[in-house]
2 protein chains.
Amino acid sequence: MSLLSIGRVTNAERQMLMKEEKINKDETCQPGKEQLCPVKDIIARFGDKWSLHTILYLGQNQKLRFNELKSMISGISQRMLTVTLRALEEDGLVARTVYPEIPPKVEYALTPLGQSLLQQLLKLSDWAKLNRGKVLEARERYARKEGHLTEKST
Amino acid sequence: MSLLSIGRVTNAERQMLMKEEKINKDETCQPGKEQLCPVKDIIARFGDKWSLHTILYLGQNQKLRFNELKSMISGISQRMLTVTLRALEEDGLVARTVYPEIPPKVEYALTPLGQSLLQQLLKLSDWAKLNRGKVLEARERYARKEGHLTEKST
DNA sequence: CGGGATCCCAGAAGATACTG
DNA sequence: CAGTATCTTCTGGGATCCCG
């Protein structure tokens with residue numbers, strides 16, 4: 001249970017897999033599987049609230065200390081930064097270097113694997129920038145459509 | 001503050017605010033803002049529990065009815081499927097076609113924009129498949145390191 | 001059949017205090 | 001400085017009932 005309890009790996013999904021046992025062997029994501037598919041697994045690594053920011057900032061700076069990151073990622077709490085960094089470190093995306101000094105000094109940096117992921121995220125970013133307009137349009141369109149359908153409050 | 005309208009209504013309103021507020025001219029993610037950067041915004045669209053599955057299944061089948069999707073995505077509840085589909089529809093990634101019949105018939109399909117996103121997700125999937133081994137290794141390594149540091153129980 | 005509206009809970013995230 | 005521990009709050013999403 002030591003391996004399982006290290007958390008991070010969405011515990012919610014373990015519940016799910018408890019009750020769902022029918023699994024096909026399709027190429028696509030099959031829910032009910034521990035690691036549904038690699039994508040889902042990887043997405044979970046930066047899909048949370050802070051990981052993406054952490055990765056991007058570490059991508060721009062070779063090294064960053066804990067409080068440097070904390071001040072860059074405005075709004076993050078020390079706890080969440082710790083949790084986020086631990087998760088990234090656990091997956092080998094971020095390297096943590098401790099300098100046994102007083103006061104303590106800890107530096108974080110992307111590993112090669114982390115930089116590799118960063119590249120993918122940047123590609124995704126390109127797509128996002130390219131298509132943000134369309135998405136925003138769609139949202140407005142949807143909002144208006146909703147509006148005239150449920151014109152209760154105005 | 002919240003005298004009468006608690007619950008999920010406030011949720012919808014918060015999203016409305018997010019939509020109105022369009023900002024961010026920096027290339028990188030600027031935290032502290034509601035919708036940090038396009039990437040974050042896009043990731044939020046498939047980073048949740050069910051959107052990815054929905055997109056992938058819709059990617060494999062040109063059209064799918066509500067209950068077809070529901071049975072394919074094992075574990076999903078009708079509510080979450082509805083919510084997920086609505087969100088995707090709102091962003092213009094999924095098209096919803098209602099046939100005014102009895103009993104009702106509704107078909108869902110990826111829009112061109114949705115298919116475009118699907119391509120990105122598949123690329124991400126490639127990266128994930130390619131690097132999953134490394135990630136798993138890193139996790140084991142981390143688990144062992146943790147183990148000998150806190151070898152208190154078992 | 002395809003949802004909408006409610007209720008409710010576990011787990012995620014925030015705030016605060018303490019420590020090596 | 002860089003955390004850890006603890007408490008509280010918030011929110012995603014599951015279960016259920018109902019409706020056109």
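Every chain is numbered from 1 and lettered A, B, ... according to where its sequence line falls, protein lines coming before strand lines.
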Rounded to the nearest Å, what distance is computed from the CD atom of residue Glu101(B) to the C1' atom of nucleotide dG20(D)?
15 Å

Protein N or O to nucleotides 1-3 of chain D N or O, pairs below 3.5 Å:
residue: dC1(D); atom: O3'; partner: Arg65(A); partner atom: NH2; Å: 3.0
residue: dC1(D); atom: O3'; partner: Pro104(A); partner atom: O; Å: 3.3
residue: dA2(D); atom: OP1; partner: Arg65(A); partner atom: NE; Å: 2.8
residue: dA2(D); atom: OP1; partner: Arg65(A); partner atom: NH2; Å: 3.1
residue: dA2(D); atom: OP1; partner: Val106(A); partner atom: N; Å: 3.4
residue: dA2(D); atom: OP2; partner: Asn67(A); partner atom: N; Å: 3.1
residue: dA2(D); atom: OP2; partner: Asn67(A); partner atom: ND2; Å: 3.3
residue: dG3(D); atom: OP1; partner: Arg86(A); partner atom: NH2; Å: 3.4
residue: dG3(D); atom: OP1; partner: Arg96(A); partner atom: NE; Å: 3.3
residue: dG3(D); atom: OP1; partner: Arg96(A); partner atom: NH2; Å: 2.4
residue: dG3(D); atom: OP1; partner: Tyr108(A); partner atom: OH; Å: 3.4
residue: dG3(D); atom: OP2; partner: Tyr108(A); partner atom: OH; Å: 2.4

Per the salt bridge (charged side-chain N to carboxylate O under 4.0 Å, His left out) rule, what does the pair list look like for residues 56-67 of chain B, sequence neighbours excluded?
Lys63(B)-Glu107(B)

Excluding sequence neighbours, so at least two apart, what forms salt bridge (charged side-chain N to carboxylate O under 4.0 Å, His left out) with Glu137(A)?
Arg141(A)

Val39(B) versus Leu121(A): any side-chain heavy-atom pair under 4.5 Å?
no

Separation of Ile73(B) atom CD1 from dG13(D) atom P, in whole Å?
13 Å

For atom CE of Met80(B) and atom P of dT11(D), their distance in whole Å:
15 Å

Minimum heavy-atom separation for Leu64(A) to Tyr57(A), with atom names?
CD1-O, 3.8 Å

Atom-pair distance (CD1 on Ile102(B); P on dC1(C)), nearest Å
13 Å

Distance-only donor-acceptor test, Arg79(A) side-chain atoms vs dA13(C) base atoms, 3.5 Å:
yes

SB check Asp91(A) Arg139(B) (cutoff 4.0 Å):
yes

Ser116(A) side-chain N/O to Pro112(A) backbone N/O, donor-acceptor pair under 3.5 Å:
no

CG of Leu81(A) versus C1' of dA12(C): gap in Å, rounded?
16 Å

Does a side-chain N or O of Lys49(B) approach OP1 or OP2 of dG14(D) to a distance below 4.0 Å, or not?
yes

